[in-house]
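Here is the structure we will look at, set down as structure tokens.
Bear in mind the structure is a predicted one, so any value in this text is a computation, not a measurement. Atoms considered below: every heavy atom in the structure, side chains included; atoms not considered: hydrogens, waters and symmetry mates.
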Amino acid sequence: MEERKCLVAGGNLLQAHTWKGLLEASGIRVELRGEALLGGVGELPTDMQNVELWVSESELRAAQTQLAGLDVEGPRWQCLQCHEMNEASFELCWHCGAEPSQSHG
């Protein structure tokens, strides 16, 4: 089975479903993770509260291109290492320098 990569991680469930639908309409298989955990906000650690879109490694570049072509602001993302919130345009955490999906690698 092909390895999957985290495309985006954030807390906006509506946006995640919208992007999932758009990507699937263009033929990219997308897995939504973390949706069931949103009911535990306030009770679960913050690194467990993210909604994430995962795609196969071979479709990652196409999926990134599709989202970039939507000309919309990406979701803020929470660092999995230090839990700081980062703007969508940040490729590394402003606080600790970790990659957005570093612990998923």
Got a second to check how far C93's SG is from E99's CD, nearest 0.5 Å?
11.5 Å
Which heavy-atom pair separates V30 from E24 by the least distance, and what is that distance?
O-OE2, 3.4 Å
Shortest non-hydrogen contact from V55 to L60?
CG2-CA, 3.7 Å
Between the main-chain N or O of F90 and the side-chain N or O of W77, is there a donor-acceptor pair closer than 3.5 Å?
yes
Can you confirm whether L7 sits close enough to L23 that some side-chain heavy atom of one is under 4.5 Å from a side-chain heavy atom of the other?
yes
Go through the steps for K5 and E3 under the test salt bridge (Lys or Arg N to Asp or Glu O under 4.0 Å), then give the verdict.
CA-CA 7 Å; K5 296 286 184 178; E3 185 174 338; 3.3 Å; yes
Would you say that R29 contacts S56 through its side chain, given a criterion of any heavy-atom pair below 4.5 Å between the two side chains?
yes
Hey, what do you get for SG (C82) to NE2 (H95), rounding to the nearest 0.5 Å?
5.5 Å
What I'd like to find out is whether the side chain of L32 reaches to under 4.5 Å of the side chain of E52, using heavy atoms alone.
no
First locate atom CG of L80, then atom SG of C96, and finally report the distance between them rounded to the nearest 0.5 Å.
9.5 Å
Closest non-hydrogen atom pair, E59 against G27:
OE2-O, 3.6 Å
Tell me whether the guanidinium CZ or amine NZ of R4 lies under 6.0 angstrom from the six-membered ring centre of W54 and within 45° of its axis.
no
